[in-house]
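Please read these numbers as outputs of a predicted model, since none were measured by experiment. Numbering starts at 1 and runs along the sequence shown.
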Amino acid sequence: MAITAPYDAHMAGVPRQWTDTINPVAEGLIVGETPAVVTEDMTVAASQTITTPYVPVGFDGSGNLVPAVYDATYASAGVRAIGLLLRPITTPASPVQGQPVLRQGCLNMDMIAWPASFDTEEKKLEAFRGAPTPSSIVVRKVRAGSIVAQP
């Protein structure tokens with residue numbers, strides 16, 4: 001989100017306040033206190049169109065972010081999930097810097113926009129297991145009657 005402050009040079013020294021709307025994280029995405037929530041600005045691969053927020057992403061062969069793809073071994077065709085892209089994006093023909101990616105947190109499995117290859121609950125629960133440091137994402141299925149600490 002870009003914040004454009006008003007041009008107020010002529011108001012220097014005059015007491016007042018300026019505010020802007022901040023887009024908060026969706027209620028219900030964060031469902032625990034540990035691990036602590038951490039975001040990082042990261043480079044997204046060229047020519048990507050991701051139309052929904054909270055899509056799991058991983059690294060392509062060049063170290064840029066692309067949507068994650070489940071593969072049983074992540075050895076051949078898979079792209080291991082390392083975080084969640086926090087907003088929809090469309091990138092041009094060259095990589096762009098600074099897209100926010102959630103790298104740590106305890107997340108509600110039902111709030112994540114899973115790619116089609118994560119087609120079972122087991123795959124979703126295991127999506128971030130073994131991701132490289134500093135990724136530390138715990139995926140939790142929130143059920144009626146469960147105790148969930150809110151940050």
Closest heavy-atom contact between [X] and [Y]?
X      : Y      : value
Pro35  : Gln104 : CB-NE2, 4.3 Å
Ser47  : Ala93  : OG-CA, 3.9 Å
Gly130 : Arg80  : O-CD, 3.6 Å
Ala113 : Thr52  : CB-OG1, 3.6 Å

[X] versus [Y]: any side-chain heavy-atom pair under 4.5 Å?
X      : Y      : answer
Arg140 : Asn108 : no
Arg87  : Tyr54  : no
Phe128 : Ile82  : no
Val31  : Cys106 : yes
Pro56  : Pro67  : no
Glu40  : Pro134 : yes
Pro100 : Leu86  : yes
Val55  : Leu84  : no

Query raised in the report: Does Leu125 share a hydrophobic cluster with Leu102, counting links as ILVMFWY side-chain heavy atoms below 4.5 Å and allowing steps through other members?
Result: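 Linked within one cluster.
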Requested in this report: With side chain to side chain contact (heavy atoms under 4.5 Å, CB included) as the test, would you mind laying out the steps for Val37 and Ile30 before giving the verdict?
Outcome: CA-CA 8 Å; Val37 174; Ile30 310 297; 3.8 Å; yes
Report task. Verify, without hydrogens or angle tests, whether Gln48 (side chain) and Thr91 (backbone) share a donor-acceptor contact under 3.5 angstrom. Result ->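 It does not hold such a pair.
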Rounded distance [0.5 Å steps], [atom1] in [X] versus [atom2] in [Y]:
X      : Y      : atom1 : atom2 : value
Lys124 : Met109 : NZ    : CE    : 6.5 Å
Phe59  : Leu65  : CZ    : CG    : 5.5 Å
Arg103 : Met42  : CZ    : CE    : 4.5 Å

Query - Glu126 and Arg129 ion-paired at < 4.0 Å - result: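 Here Glu126 pairs with Arg129 in a salt bridge, since their nearest N and O are under 4.0 Å apart.
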Query raised in the report: Between Ile89 and Val44, does a side chain to side chain contact (heavy atoms under 4.5 Å, CB included) hold up when you go through it step by step?
Result: CA-CA 9 Å; Ile89 57 136; Val44 179; 3.4 Å; yes
Query raised in the report: Among Val38, Ile112, Leu107, whose side-chain contact (heavy atoms from CB on, under 4.5 Å) with Ile137 holds?
Result: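 The side-chain contact (heavy atoms from CB on, under 4.5 Å) with Ile137 is passed solely by Leu107 among Val38, Ile112, Leu107.
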Query raised in the report: In terms of the angle between their ring planes, are Phe118 and Tyr70 parallel, tilted or perpendicular, with boundaries placed at 30° and 60°?
Result: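 Phe118 and Tyr70: perpendicular rings.
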